[in-house]
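Here is the structure we will look at, set down as structure tokens.
Numbering starts at 1 and runs along the sequence shown. Remember, it's 1-based here, ligands and their atoms both numbered in the order they're listed.
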Amino acid sequence: MSSDTTGAIAEAAVETVATLCEDRELVVVSNREPYSHHREDGEVVVDRPAGGLTAALDPVMQAVEGTWVAWGDGDADRETVGPDGVVAVPPEDPSYDLRRVWLTDEQVDGYYRGYSNQVLWPLCHLDTAKMTPEPSYWRAYRETNDDFADAVLGATDSDPVVWFQDYHLALAPRRVRDARPDAFLAHFWHIPWPSWDVFHACPQYEQLLDGLLANDLIGFHTDEYCRNFLDCVDAATDARVDRANRSIAHRGRRTFVRSFPLGIDAARQAELSETEAGDDFWASFSEKHGLVGDHRFALGVERLDYTKGIEQRLDALELFWAEHPEWREEFTYLQKSIESRGDIGDYQRLQSRVGDAIDRVNDRFGTDDWTPVVAVTEHLPEAGLAALYREADLALVTPVRDGMNLVAKEFVAAQTADPGVLVLSELAGASEQLGEGSILVHPHDPESVADAIEEALGMSERARRVRIADLQRVVHAEDVYAWLESTFETAAAIERGRRSAPAEPTR
Ligand code: GDG
């Protein structure tokens with residue numbers, strides 16, 4: 001698919017959004033902002049969306065001239081806004097408002113670092129032992145959600161269509177709903193939703209559910225997360241749960257729960273994997289790390305997060321080289337991981353354990369001419385990353401829990417030359433869509449991962465082609481634009497139904 005086709009797909013998404021909004025303001029709310037300003041050598045420079053959902057949504061926002069509400073965390077953000085914290089973006093052709101929410105250091109500590117990343121993140125990834133439910137975190141989370149909600153309400157005097165992103169904002173919908181009963185509110189939850197026995201571990205389970213049930217539509221990546229959410233509502237509240245229809249009647253309204261598996265801009269990813277910049281990157285990278293000639297390599301790409309299964313993967317690789325000495329000096333593992341949330345203790349400890357595990361494996365098997373595990377910790381340019389995807393013989397995507405995992409999809413879309421093999425965890429949301437053409441493994445079973453590596457390295461080119469073609473069909477058909485369209489089509493259908501149906505009985 002070419003960029004022209006991508007443009008056409010974006011236009012289709014714009015039309016669907018326009019149908020839903022009619023003359024109402026579209027307000028997107030997320031923790032991270034699409035554009036941030038900071039100072040570099042005294043000059044103000046702007047960071048703009050590079051890939052991902054933000055890049056796909058940006059042209060839609062430009063076309064419908066909506067408002068994006070987000071935390072202004074750039075060091076020059078305050079000096080670039082007008083009254084009400086608003087700056088028009090994109091800078092070269094301003095067409096929509098970015099309304100920045102300012103957070104104090106205490107709020108960043110409590111709402112972001114605290115409640116979002118040390119309570120909700122481990123909770124939703126089933127790691128309740130890592131939860132740190134400090135009362136001050138919860139207070140800051142509530143207060144900051146109020147600030148986001150107030151920024152939404154300040155964006156327009158009439159009833160907007162609001163789309164909240166992610167787990168940072170579970171409470172904001174309720175405050176917006178109370179002020180604007182006729183607004184259309186939707187929410188997409190980017191991480192897993194756990195089963196009730198796990199969610200019950202959170203002391204604020206009732207308030208979180210009440211906040212989310214102020215939405216008309218809640219989206220998750222998979223059907224499993226939808227079922228878990230319905231179970232939690234059923235167990236924890238007196239709302240009426242209609243499982244067949246996947247909807248919930250609560251406080252006089254109905255909330256619909258649907259799965260929308262997020263995709264990537266697959267056409268762009270395929271193009272990126274064939275650029276000159278990517279070729280140049282690969283030429284020097286492969287030389288530097290000895291990935292030349294017949295040498296084979298596997299690739300892992302992620303933030304350094306305990307949910308991504310990096311330690312377990314290193315155990316599996318150690319087992320693989322122990323059981324298959326014939327692959328020593330012939331096969332390398334490239335761990336491309338970026339430090340993440342480094343100011344949180346659990347992440348610092350993970351970083352040091354991963355470093356120790358890499359040293360252990362390299363000390364055990366490494367030779368003067370070969371380093372079994374190569375760790376790359378810097379942020380790579382998109383074309384460089386795409387070249388690594390293209391050249392890798394296999395990708396090891398083995399999270400112990402992951403809402404979706406877009407790396408799996410990027411790897412698939414980048415296989416434009418000799419196709420590689422996707423080794424994928426059963427516990428990644430992506431396995432619902434990509435289970436068929438990948439080799440599925442259990443991340444906690446090192447034998448299954450080691451066997452998968454052996455299978456992938458021995459797979460014929462024909463078998464790899466068949467598998468990758470199947471996977472590419474899915475990744476291209478269910479890309480980020482299809483995701484936008486299906487979300488907004490569903491929202492429009494709900495809105496039509498709501499206008500023609502009688503009010504819900506109150507409970
Ligand atoms: C959350 C959920 C869900 C990484 N290193 C570089 C780089 N990346 C990019 C990848 C990919 C992105 O980061 C990571 O996305 P994931 O989806 O894998 O994971 P999370 O960050 O945990 O995201 C997840 C997602 O939200 C969306 O809903 O899928 O389950 O946890 O796009 O390419 N990009 C560049 N250089 C790097 O060095 N350019």
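When non-hydrogen atoms are compared, ligand 1 lies under 4.0 Å from the side chain of I338 (C-beta onward) but not from its backbone.
The single protein non-hydrogen atom nearest to atom 21 (O) of ligand 1 is R303 NE, 3.2 Å, given as residue, atom name and distance. Of the protein's non-hydrogen atoms, D402 OD1, 2.5 Å is the one closest to atom 30 (O) of ligand 1. Given atom 29 (O) of ligand 1, the protein heavy atom at minimum distance is N405 N, 2.9 Å. Given atom 4 (C) of ligand 1, the protein heavy atom at minimum distance is V301 CG1, 3.9 Å. When hydrogens are left out, the protein atom nearest atom 10 (C) of ligand 1 is E410 OE1, 3.4 Å; that is the closest non-hydrogen contact. Residue, atom and distance of the protein heavy atom nearest to atom 14 (C) of ligand 1 are V407 CG2, 4.4 Å.
The distance from ligand 1 to the heavy atoms of G403 drops below 4.0 Å at these ligand atoms: 30 (O). Close approach of ligand 1 to Y389 is summarised as follows: ligand atoms under 4.0 Å from at least one heavy atom of the residue are 33 (O).
Under a 3.5 Å cut-off, the side chain of D393 and the backbone N or O of F297 do form a donor-acceptor pair. No donor-acceptor pair under 3.5 Å is formed between the side chain of D216 and the backbone N or O of A186. Side chain of T144 to main chain of Q107: no donor-acceptor pair is present (N/O by atom type, distance under 3.5 Å, no hydrogens or angles). The backbone N or O of M131 lies less than 3.5 Å from no partner atom in the side chain of Q118, so there is not a single donor-acceptor pair.
Nearest-heavy-atom check against atom 19 (O) of ligand 1 across R401, H190, K308, Q165 picks out K308. Looking at L385, L406, V480, L380, it is L380 that brings a heavy atom closest to atom 39 (N) of ligand 1.
Only one option out of N31, N117, D147 pairs with Y111 in a side-chain hydrogen bond (donor to acceptor under 3.5 Å, both in side chains); it is N31.
Geometrically, ligand 1 and L262 share no nitrogen or oxygen pair separated by less than 3.5 Å. In terms of polar-atom proximity, P381 is not counted as a contact of ligand 1, lacking any N or O under 3.5 Å from an N or O of the ligand.
Distance check on atom 35 (C) of ligand 1: some protein heavy atom falls below the 4.0 Å cut-off. Of the protein's heavy atoms, at least one falls inside 4.0 Å of atom 24 (C) of ligand 1. At a distance under 4.0 Å, a protein heavy atom can be found next to atom 27 (C) of ligand 1.
A search for salt bridge (charged side-chain N to carboxylate O under 4.0 Å, His left out) contacts involving R390 returns D279, not counting sequence neighbours.
Side-chain contact of D223 with S259: a donor-acceptor pair under 3.5 Å is present, judged by distance alone.
At most 12 non-hydrogen atoms from other residues, nucleotides or ligands lie less than 6.0 angstrom from CD of E43.
Heavy-atom separations between E302 and ligand 1 are all 4.0 Å or longer. The closest approach between a heavy atom of W121 and any atom of ligand 1 is below 4.0 Å.
Considering every non-hydrogen atom in both W68 and S30, the closest pair reads NE1-OG, 2.9 Å.
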* For F164 and F148, run ring-ring contact (aromatic ring centres under 6.0 Å, His included): C-alpha distance rounded to whole Å, both residues' side-chain angles, the deciding distance at 0.1 Å, then the answer. => CA-CA 10 Å; F164 298 95; F148 275 94; 9.1 Å; no

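For residues 414-433, every residue pair satisfying the salt bridge (Lys or Arg N to Asp or Glu O under 4.0 Å) rule, not counting sequence neighbours, is listed here: D418-R464.
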